[in-house]
Every structure is written in structure tokens, then in C-alpha cells.
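Some notes on the structure that comes next.
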Amino acid sequence: MATELGPVSVLVERGKAVRILLGVYIQPAEFIDPFKKQLDEYFNGSRKILDFPVRIEGSRFQKRVWEIVRRIPYGAVITYGEIAKVLNTSPRAVGMALSKNLLPIYIPCHRVIAKDGLGGFSEGLAWKKFLLKVEGAVL
DNA sequence: TTGTTTTGTCTAT
DNA sequence: ATAGACAAAACAA
């Protein structure tokens with residue numbers, strides 16, 4: 001599938017998504033099919049929650065951060081500092097964990113922004129803006 | 001507004 | 001063990 005910012009691909013292992021790539025097309029296309037429909041719906045605004053099997057690997061800290069991010073409602077945003085406060089850690093560490101997220105959109109790290117600004121995004125800030133726009137988030 | 005300091009985690013020596 | 005990087009925040013001036 002493609003967006004205004006380019007193609008989106010899903011890397012799959014044993015039926016589970018292990019990585020979502022923004023702006024990259026991976027062959028063969030049939031690997032994408034089980035996930036294509038949900039992502040298409042997400043991009044046209046008719047789907048708010050991605051629900052397919054995934055395999056997530058990371059340190060205990062990373063998983064705790066990602067778990068919190070998973071619970072951020074569609075269209076809502078919170079700051080790195082707010083997550084840090086919940087986990088009793090630093091905003092810097094939260095950003096570090098998010099930068100290692102291999103499943104953007106499924107783990108909606110685009111909903112985490114800086115106190116005054118957008119913060120960063122692994123696949124480029126244009127994607128972060130695009131995803132927030134799709135969700136109609138108010139900043 | 002701008003610099004400077006503080007901060008926790010990860011990666012690579 | 002240790003040093004440097006990093007998608008941030010708080011503070012001083």
C-alpha cells in the first residue's frame with residue numbers, strides 16, 4: 001500500500017508482524033496481505049486500532065515504555081516527560097526506548113511529543129506529522 | 001529567547 | 001567498568 005509519503009511494508013515471521021517499515025517497499029507482496037487491509041483502513045481514517053499478531057522484542061524497560069504508548073488513545077498525544085514520570089525515569093530514556101520501536105503505528109510512538117515541539121521520529125518527522133494528521137490530533 | 005546542566009538507558013569499547 | 005550518544009526537560013540569564 002502507499003501513502004502520500006511513500007509505501008508501507010510489514011515484515012512477517014511465522015505469521016507475526018515483527019517490523020513495520022514506513023517509506024520502504026519489501027517484496028514479496030503476499031507477506032503484506034494479512035496486514036494490508038488494516039493498514040489501508042488506518043490510513044483512510046476508518047480504523048483506529050491495529051489488531052494483528054506481533055512479535056515484540058526489547059529490553060524490560062523498552063517493553064514498559066511501549067506498553068504505556070500502546071494505551072495512548074487514538075488522536076491523543078502525551079509528552080516524553082509524562083511517560084518518564086510514570087516510570088520514574090528521564091525523558092531522554094523514554095525517547096531512547098521509542099527510537100528502538102520497530103512497529104510504528106501498532107505501537108503509536110507518533111503520539112509522544114516533546115513538551116514544546118514535535119520531538120523526533122525514526123522514519124522522519126514528515127511521517128509523524130502525517131500520522132497525527134490522519135488521526136486528527138490537536139497539538 | 002539562547003545556552004548549559006541534568007538525566008536514564010543503550011551501545012561499544 | 002567506562003565513555004559517548006540520544007526522538008527531553010528544567011533552569012539561568
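This structure is a prediction, so every number in the text was calculated from the model and none was measured. As a basis for the values below, the full set of heavy atoms in this structure was taken, side chains included, without hydrogen atoms, waters or symmetry mates.
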*Expressed in angstrom and rounded to an integer, what is the separation of Leu98(A) atom CG from dC10(B) atom P?*
12 Å
_Less than 4.0 angstrom between a side-chain N/O of Ser90(A) and OP1 or OP2 of dT6(B), yes or no?_
no
*Ion pair Glu67(A)/Lys63(A), N-O distance below 4.0 Å*: no
_Spacing of Lys129(A) atom NZ relative to dA7(C) atom C1', expressed in whole Å_ = 14 Å
*Is Phe61(A) touching bases, backbone alone, or none of the nucleic acid, heavy atoms closer than 4.0 Å?*
sugar-phosphate
*Residue Ala114(A), side-chain heavy atoms: nucleotide from dA7(C), dT11(B), dA8(C) that is nearest*: dA8(C)
*dA7(C) base to Ser122(A) side chain: any donor-acceptor pair below 3.5 Å?*
yes
*asked:* Do Arg19(A) and Tyr106(A) form a cation-pi contact, if we require the NZ or CZ to be under 6.0 Å from the six-membered ring centre and within 45 degrees of the ring's axis?
replied: no
_Identity of whatever pairs with dT2(B) - Watson-Crick or G-U, under 3.5 angstrom_ = dA12(C)
*Write down the distance between CG (Asn101(A)) and P (dA7(C)), rounded to a whole number of angstrom.*
14 Å
_Ionic contact status for Lys133(A) with Glu135(A), cut-off 4.0 Å_ = no
*asked:* Rounding to an integer number of Å, can you tell me how far Asp116(A) CG sits from dT2(B) C1'?
replied: 13 Å
*Would you mind telling me which of dA9(C), dC10(B), dT9(B) lies closest to the side-chain atoms of Ala93(A)?*
dT9(B)
*Apply salt bridge (charged side-chain N to carboxylate O under 4.0 Å, His left out) to Lys37(A) and Glu41(A), showing your working.*
CA-CA 6 Å; Lys37(A) 186 162 179 288; Glu41(A) 290 168 349; 3.1 Å; yes
*To the nearest Å, how far apart are Ile107(A) CD1 and dA7(C) C1'?*
15 Å
*Would one find a side-chain N or O of Arg92(A) under 4.0 angstrom from OP1 or OP2 of dT7(B)?*
no
*asked:* Rounded to whole Å, please give me the gap between CD in Gln62(A) and P in dG8(B).
replied: 17 Å
*Would you call Pro104(A) and Leu22(A) a side-chain contact if the rule is heavy atoms closer than 4.5 Å?*
yes
*Can you tell me how far P of dA7(C) sits from CD1 of Ile68(A), to the nearest Å?*
20 Å
*From the options dC10(B), dA9(C), dG8(B), select the nucleotide whose nearest atom is closest to the side chain of Thr89(A).*
dG8(B)
*Which listed nucleotide (dC10(B), dA9(C), dA7(C)) is nearest to the side chain of Ser99(A)?*
dA7(C)
*Would you say a side-chain N or O of Lys115(A) is under 4.0 Å from OP1 or OP2 of dA10(C)?*
yes
*Arg60(A) has an atom CZ; how far is it from atom P of dG8(B), in whole Å?*
18 Å
*asked:* Both Met96(A) and Ile113(A) contact DNA chain C. Taking the nearest nucleotide for each, which residue is further toward the 5' end?
replied: Met96(A)
